[in-house]
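The structure under discussion appears below in the form of structure tokens.
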Protein chains: 4
Amino acid sequence: MSPRTEKQIEKLKQDKELLILESALLLFSEKGFGNTSMQSIAIRSKVSKGNLYNYFKSKEDLLEGVLHYGLNQIKELFYEQSSIHTEEEFSYTIRANFEMIKSNETFWKLYYNLVAQPKVYALFNKVFLPFFEQYIKLFEGYFKSKGDEKPEATALLLGSSIDGISLGYIMMGGDNYPLEEVVNRLIEKFK
Amino acid sequence: MSPRTEKQIEKLKQDKELLILESALLLFSEKGFGNTSMQSIAIRSKVSKGNLYNYFKSKEDLLEGVLHYGLNQIKELFYEQSSIHTEEEFSYTIRANFEMIKSNETFWKLYYNLVAQPKVYALFNKVFLPFFEQYIKLFEGYFKSKGDEKPEATALLLGSSIDGISLGYIMMGGDNYPLEEVVNRLIEKFK
Amino acid sequence: MSPRTEKQIEKLKQDKELLILESALLLFSEKGFGNTSMQSIAIRSKVSKGNLYNYFKSKEDLLEGVLHYGLNQIKELFYEQSSIHTEEEFSYTIRANFEMIKSNETFWKLYYNLVAQPKVYALFNKVFLPFFEQYIKLFEGYFKSKGDEKPEATALLLGSSIDGISLGYIMMGGDNYPLEEVVNRLIEKFK
Amino acid sequence: MSPRTEKQIEKLKQDKELLILESALLLFSEKGFGNTSMQSIAIRSKVSKGNLYNYFKSKEDLLEGVLHYGLNQIKELFYEQSSIHTEEEFSYTIRANFEMIKSNETFWKLYYNLVAQPKVYALFNKVFLPFFEQYIKLFEGYFKSKGDEKPEATALLLGSSIDGISLGYIMMGGDNYPLEEVVNRLIEKFK
DNA sequence: GATGAATGAGCCTTCATTCAT
DNA sequence: CATGAATGAAGGCTCATTCAT
């Protein structure tokens with residue numbers, strides 16, 4: 001019954017918040033946002049239904065939290081490159097991108113689950129768009145340096161292709177989609 | 001007071017079914033399947049809630065109807081080509097594909113809304129997969145004829161790229177996504 | 001297209017009415033009154049839903065029709081005896097009663113289905129009670145002639161016992177209830 | 001503002017569950033299972049519709065609860081006899097049985113309401129059959145000890161007679177059925 | 001912070017009955 | 001008489017959210 005230090009309490013709080021986020025991410029991506037009840041999230045995170053609302057003020061708020069949480073994980077894993085100069089760097093960046101997707105399938109499943117849901121569209125843009133635009137810029141710079149006449153369009157094409165490949169991989173499951181080969185092909189075409 | 005011919009009645013029935021399908025397609029794609037109530041579909045199609053069930057025996061059945069309805073529209077618009085031999089034919093096929101997407105944005109919005117929804121995944125595969133696989137085969141043949149060493153992977157890459165471009169276009173809206181230029185780039189890369 | 005005589009038409013009408021009654025009896029007794037839809041009755045009798053209401057003005061009206069129909073069948077089969085004088089007659093009457101039940105199991109299943117449903121209680125009394133009371137009187141007379149001090153109570157006991165045996169037989173199914181032996185016992189006790 | 005003990009809370013919960021059970025028992029027996037809405041049960045128990053489902057997970061589950069509740073009440077009232085040896089004991093057991101029925105008319109009305117309902121037949125058997133079979137065995141032992149040649153059939157006859165008498169008494173209402181006299185007659189015949 | 005009973009709106013679906021043809 | 005599309009009320013059930021403890 002000894003009093004905990006504030007830091008310890010803060011830590012515990014974060015732990016519980018994290019637990020909720022992980023549970024929500026998993027359940028949202030497995031069953032979809034609409035088919036996941038707050039109840040089931042509460043149970044999985046071993047938090048009472050009421051207490052959930054002390055951490056997130058609504059289901060949508062929790063979703064936003066999950067998206068930020070996922071994005072942060074991705075950022076960490078991401079190969080932080082300010083610019084791409086050589087084919088090797090380009091190739092490396094692309095491969096790193098798919099490695100990241102492979103190690104965050106759950107999150108990306110949720111991503112594609114939500115991407116076309118108008119209800120979360122605004123939220124979505126707020127959280128993801130800036131991140132993506134910066135990513136496209138990175139490639140744009142590379143293509144420009146290679147003398148591409150329309151580096152912007154090429155970069156967008158690349159980005160869209162990556163998106164499409166990821167979607168296919170996530171949807172069909174790792175065993176059914178020959179990710180390796182397709183990515184090789186992608187690199188050859190764009191490098 | 002003259003009695004309608006059976007054909008006329010049949011026509012009326014089809015009209016109403018069509019009305020329901022159109023309403024459902026629009027609402028599903030605008031608000032998502034889970035967030036669209038049968039009530040709202042009934043109101044929009046000017047049909048009583050109960051009567052809806054004379055046309056479709058459940059909400060899922062209606063969704064299946066909508067998917068088939070959309071797929072049929074697409075098939076009609078589709079450039080029916082049994083094989084692709086020249087760059088011109090290839091280019092034409094790709095462009096025709098995006099023209100089709102542009103004239104069925106509503107449907108494609110629904111498509112991307114559903115593609116990652118676990119609950120409708122099975123239904124989804126049943127309706128779309130066969131169609132898509134055939135499409136990929138078409139390109140595979142073209143790449144093989146061009147001497148591509150891994151035509152299968154290339155075709156899948158192309159398919160995924162098309163998917164990604166469509167997703168981007170549908171999500172960002174026609175004004176924000178430079179579809180024309182991206183498609184030009186795509187053709188140049190793969191032709 | 002030759003005109004039918006009125007009698008023929010009347011005949012057809014009766015046939016269709018009969019068909020409806022038979023279907024309703026079967027379905028009501030199999031699935032219960034509340035769980036049988038007018039639709040299913042219409043289908044089984046090959047009559048349109050709308051036309052059903054030309055023969056019976058409501059579902060309850062149809063039920064009443066079914067009860068009368070069943071009761072008439074029973075009356076026909078019943079051993080019409082104005083009085084019982086000997087043990088043989090008594091024994092015969094009892095056995096005839098159970099023979100009748102065995103050949104109308106469907107109807108009796110419906111009977112016990114409804115007997116405690118307050119909603120149809122009034123209807124019930126109207127149709128059945130007079131019939132039963134007369135039946136009890138028959139036995140009362142026999143017991144009185146035998147010198148029973150309380151023939152009324154004995155007759156009611158016998159009636160109730162018959163009721164209970166029938167209920168058991170109908171509910172447990174012919175194979176699980178040793179009707180023969182129980183009836184033998186009943187006759188021995190009361191004759 | 002003093003916190004309630006867990007036991008108090010548990011008590012309150014039981015009270016509410018009891019309230020629901022009593023309401024359901026009454027309504028089911030008055031209007032039948034199928035004609036009683038969860039709404040009406042909620043109103044009568046002064047519980048919100050939604051909360052009902054915190055106590056019973058479905059309407060059928062509630063019915064099962066009601067049946068067990070009723071059966072337990074009966075068991076308590078029941079004269080617990082492991083065996084019957086004398087006429088006095090026999091007579092006492094029979095009378096006790098009908099006393100029990102008289103003090104639980106509501107429950108027995110429900111019983112006869114359900115006994116022939118195909119939809120709840122399985123549930124029914126699960127809850128009641130074991131109880132009844134044991135009861136019949138009790139009488140079988142008595143008849144055997146008296147030298148009855150077919151004690152099994154006699155016991156079943158007695159059981160069916162009791163069933164029939166109860167049905168008559170419950171259906172016709174206490175004032176219209178001369179229970180006392182009929183039971184006296186029953187005892188005389190079987191003792 | 002923590003609990004979970006309680007609320008009430010909303011959802012999908014069924015069905016007796018009506019009515020235009 | 002015959003048809004079956006149409007209606008609208010009602011039913012069972014779920015669930016995000018609140019609140020007393």
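Labels below follow one simple rule: chain letters A, B, ... track the order of the sequence lines, proteins then strands, and each chain is numbered from 1. Being a predicted model, the structure only gives us computed values, none of them experimental.
- If you check every strand for non-hydrogen atoms under 4.0 Å, Ser40(A) touches nothing.
- Separating the OH atom of Tyr53(A) from the P atom of dA5(E) is a distance of 16 Å, rounded to the nearest angstrom.
- In this structure, Asn51(B) and Lys59(B) both approach DNA chain E, and ranking their closest nucleotides by distance from the 5' end singles out Lys59(B).
- Here dG4(F) presents its C1' atom at 15 Å from CD of Glu17(B), a figure rounded to the nearest Å.
- Put simply, Tyr55(B) has no side-chain N or O that comes within less than 4.0 Å of OP1 or OP2 on dA5(F).
- At a threshold of 4.0 angstrom between heavy atoms, the contacts of Ser48(D) include nucleobase atoms, whether or not backbone atoms are also involved.
- Checking Gln39(A) against Phe33(D), the closest nucleotide of DNA chain F that is more toward the 5' end is the one next to Phe33(D).
- Distance Asn54(C) CG to dG4(F) C1': 13 Å, rounded to the nearest Å.
- A heavy-atom distance below 4.5 Å is not found between the side chains of Leu26(A) and Ser23(A).
- Where Thr36(D) and Leu52(B) each meet DNA chain F at their nearest nucleotide, the meeting point lying more 5' is that of Leu52(B).
- Scanning atom types as modelled, one donor and one acceptor separated by under 3.5 angstrom connect the side chain of Lys49(D) and the base of dG10(E).
- Between Lys16(B) atom NZ and dG4(F) atom P there is a gap of 17 Å when expressed in whole angstrom units.
- Under the Watson-Crick or G-U wobble criterion, with both distances below 3.5 Å, dA20(E) is paired with dT3(F).
- Put simply, CD on Glu60(D) is 17 Å from P on dG11(F), counting in whole angstrom units.
- Between Gly50(D) and Met38(B), the one whose closest nucleotide on DNA chain E sits nearer the 5' end is Gly50(D).
- Within 6.0 Å of the CD atom in Glu30(C), the count of heavy atoms belonging to other residues, nucleotides or ligands exceeds 12.
- Ile41(C) places its CD1 atom 8 Å from the P atom of dA16(E), with the value rounded to the nearest Å.
- The NZ atom of Lys46(B) sits 15 Å away from the P atom of dG8(F) (whole-angstrom rounding).
- The pairing partner recorded for dA9(E) is dT14(F), the criterion being a Watson-Crick or G-U wobble arrangement whose two distances lie under 3.5 angstrom.
- Taking the side chain as every heavy atom from C-beta outward, Glu64(B) and Phe56(B) never approach each other to under 4.5 Å.
- Proximity of Leu67(C) to Leu110(C): side-chain heavy atoms (C-beta onward) are separated by under 4.5 Å at one or more points.
- Straight-line distance from the CD1 atom of Ile20(C) to the C1' atom of dA2(F): 12 Å, rounded to whole Å.
- Under a cutoff of 6.0 Å and an axis angle of 45°, Lys59(A) and Phe33(A) form a cation-pi pair.
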